[in-house]
*Asks:* 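So that we are looking at the same thing, I have put the structure below in structure tokens.
Just the heavy atoms: all of them, side chains too, but no hydrogens, waters or symmetry mates, feed the values below. Protein chains get the first letters and strands the later ones, always in sequence-line order, with residue 1 at the start of each.
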Amino acid sequence: MQNADREINKEKISVAEMAKQILEQGRADRLMGWKRGEFFYDNSPAVFENLSELDDFVYDLFCGSNLSKFLVKESRKDGKIAVLLKPCDRYSFNQLVKEHRIIKDNVLPVEIDCDGMLDIDKIRALGIKGIKKITVDGDQLQIDTVYGPKTCAREDVLLMKCLTCKDRVGGDRFELVKEIEAMSSVERYEFWRSELSKCIRCNACRNVCPACTCEKCVFDNDKSGIANKANTDSFEESLYHMIRAFHVAGRCTDCGECTRVCPQNIPLHLINRKIIKDLNEFYGEYQAGEDDFSKGPLTRFDLDDVEPDIVMERGGNK
Amino acid sequence: MSAQILTVKMENIGNLFKAIAADQKLYLPLEQAGQVQFLPYDPADDSQKVRLDVLNTVRSAKDLFFPQSENMVAFKKQGKKIDIIENREKVEAFTVFGVRACDARSFDILDRVFLSEPVDVSYAERRARGTVVTLACNEPEETCFCETFGIDAAKPDGDITTWIADGLLWWQANTNKGVKLTDKLLSVDAGLFVDSTGEAKALEEQQEKIREIISQLPLHGLSLEYFHKEELKTIFNSPKWQELSEACIGCGTCTFVCPTCQCYDIRDYDTGNGVQRYRCWDSCMYSDFVMMAHGNPRTSQVERFRQRFMHKLVYYPANNEGIFSCVGCGRCLAKCPSSMNIVKVAKTIGGEANV
Amino acid sequence: MSIENKEFKPLIVAFCCNWCSYAGADLAGTSRLAYPAEIKIIRVPCSCRVNPMFVLRAFQRGADGVIIAGCHPGDCHYTTGNYYARRRMTLLFSMLDFFGIEKERTRVDWVSAAEGVKFSTVMNDFSKKIHELGENRRLGDLRCKMPIEK
């Protein structure tokens, strides 16, 4: 990681304490973090401007959202803003700095630790309802609900992105991609039809994506010919996700926000991971956001790059 | 109104579905790639998974009356002549089973918009041909707050109300449409139902249980009275909108999962061999919402964000005898990418006035 | 709407670089080499001009196959355009394959202005492939395929 002007938590104080010190010592005028929600699991991203506002500050197991993209707007306001970045969020931050979308001079990045965030939707999907409280008990979660106590394994309800955390030795993040690649063409088609036909075009994946920062999206631009607000045809369901994935190709840091926010639980990250896997195989390993200066794989080339025919020869049968 | 209460054993519920689906489309909460939606039931398809245990479908039941997109009319140009071709989808009679109390109430809110002059023909047609069978919520979630709007999850509205209790499905028709469906089912298969009128002790116990659970939910007692009492301008000018909207990413999730959001856009699609005019849901969170020739009246996210909640909590009640345009289904609480929702807004704007 | 009964007449879109393949098509014509009429050529200033969305738009509007023809690597009129196009299209086609779109429906080939014969061979070959695959049913807007009716 490049930037020298980063806050690193050397004394291992709590994140809340760090936030307090930053505002107290005037190292930044504002601080971007998370605000306690109505329940214990619905923390929202928030900007804190003074110490009294920090009473609602929270950093716990439900701070999965990536704050980097908010800085596109926030770094253009007056004064300096401190931002809390989990290890995985730093990639998006770097990428946005690289693309000149974040004004670096106005931001104080603060690196914080993370042990993996929980996914309330996964807990609900286990059939656990009326959740009141969760306590971590080693690898297990003790869940207090309106319908009595429940337990589940922490591993089973981690956010998708945490399962293959870039900063830990996680599982193979391309495992599912490989599984889909191994299907027949018809099976792949049917898999994506059943997933993408759930899409309600809420644009949450686009709006949360740190790589999607166009001032005017092609899908909002009436002159583009493909602008629409609903999927009026099955083609539009596919088109939207194809264009979106391809537009962030080579810039996607695999932060997993698209899948986290999808109200229909479409595994959108698989499309991005497929592209990342291809880029790695064809043009050498590349991690977008690893630094804030290198050229991405689609903005450079080699004289002896593979020919497009390679798609015909590679695995996946007809 | 019939006070007759019928029962059918839960293990025979498949027969009930088959009987309803015999001559009309039946929508049930079915699983699709891991998510539960109201989808057409196919008696011949064994792979369909009916999920009556899931409280809320991701998309609400409003989809069936006000679909996300529908064709209105098409135009075809031949030389200097333009043909206008009506190709609106024909609406057949249908039944939807498993609608929850909150969604059932949402139809009243939509009716006030679409059935008042000028009447929306598509919506009116679907309302006239659709029979709503509701299902009481045995296991309300922590995100539920339908009680705030006077909705009783233990006794939902709808043409027919059903309950699951004691291994039985209890069935009670509330409207003429409901009686008609019940009579038709009985005429097809007289042995389908058992008449349990007067023996509904298990049902009453279940209702008590539901009301008991609701009184323990975290949002129990939430009041929105502040929005009835306070002046529109004071709410509109509250400085708190700014901080609330900071988390909003401007997506349309809340509007599209909401059972009471009713805004739509009318668009033309050039198919290459004509023009298809269709309407589709729109979201006040989008930058091109109510776009006009001069531009957009709400240029920042804070204005758009405020519009949504002002509409639900202030403008709609002002025009509709104080009825809020929210039914407390909790979908936006569960689905917002930033976890910003109507409860947080109500509590922050209303401050101490709202518990 | 009797699409089924009709004999399959594919629609193939060929994006041809102005400086090579488009001239190659000209040469094929003046040399009286035949290539199928179902191939519709769109002239672009460079293979690099082909935005991936052009390819998808072609499919949306009912194309059964899309081919991009550019200058041989190293011969780009703008020095490097086709190198970028090569990466971009490789990635796009691989992604379409991942979505279950038959991979034979897309192709990139390098045809110079002097290769009239190659142009005709490539186009005939591609068209044959599309005929074998039949109608594209997996990626296209139905509204564009169907005539507007009641």
Side-chain angles (χ1 to χ4, degrees), chain B residues 25 32-35 37 39-40 42 47 63 66-94 120-126 129 264-282 286-288, chain C residues 1-15 36-44 50-67 95-101 105-106 127 130 134-150:
Chain B
K25 239 187 193 163
Q32 179 201 6
Q35 299 290 98
Q37 323 274 7
L39 294 169
D42 179 4
S47 66
D63 289 35
F66 174 43
Q68 182 159 19
S69 71
E70 61 182 322
N71 286 343
M72 299 178 78
V73 67
F75 307 97
K76 211 171 170 178
K77 210 173 141 192
Q78 271 163 340
K80 286 189 172 172
K81 211 177 91 201
I82 294 179
D83 278 337
I84 299 173
I85 301 159
E86 258 223 70
N87 60 354
R88 218 151 45 82
E89 197 197 333
K90 249 183 95 184
V91 182
E92 311 275 352
F94 69 93
D120 184 295
V121 277
S122 298
Y123 180 83
E125 219 166 54
R126 290 194 171 88
R129 308 238 160 109
Y264 61 81
D265 192 10
I266 293 174
R267 300 177 75 91
D268 285 348
Y269 178 75
D270 178 8
T271 67
N273 44 37
V275 170
Q276 179 64 58
R277 177 162 294 176
Y278 65 97
R279 79 158 166 197
C280 61
W281 295 352
D282 203 348
Y286 290 170
S287 57
D288 50 355
Chain C
M1 297 191 215
S2 53
I3 281 190
E4 304 291 328
N5 313 334
K6 273 191 230 151
E7 192 203 338
F8 173 51
K9 273 196 199 139
L11 175 65
I12 297 170
V13 175
F15 291 100
E38 63 231 25
I39 290 181
K40 312 290 179 206
I41 294 181
I42 296 176
R43 181 164 66 152
V44 285
V50 181
N51 184 325
M53 206 169 77
F54 293 1
V55 177
L56 293 173
R57 281 279 271 171
F59 281 122
Q60 176 183 29
R61 293 286 158 149
D64 297 294
V66 175
I67 180 166
M95 184 184 80
L96 289 179
D97 178 42
F98 190 64
F99 274 99
I101 314 305
R105 290 202 190 275
T106 46
S127 155
I130 300 298
E135 194 191 335
N136 171 23
R137 291 173 188 279
R138 295 189 197 167
L139 193 63
D141 198 316
L142 270 179
R143 294 172 299 181
C144 299
K145 288 190 176 179
M146 299 287 182
I148 285 181
E149 279 172 26
K150 275 195 186 189

*Asks:* Can you pull out every salt bridge (Lys or Arg N to Asp or Glu O under 4.0 Å) where at least one residue sits in residues 66-77 of chain B? Sequence neighbours excluded, please.
*Replies:*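 Sorted result for residues 66-77 of chain B: B/E70-B/R126, B/E70-B/R279.
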
*Asks:* Listed by residue number, which members of residues 55-64 of chain C have a heavy atom under 4.5 Å from any heavy atom of chain B?
*Replies:* C/Q60, C/R61

*Asks:* Heavy-atom cut-off 4.5 Å, strictly under: side chain, backbone, both or neither for B/Y269 against chain C?
*Replies:* side chain

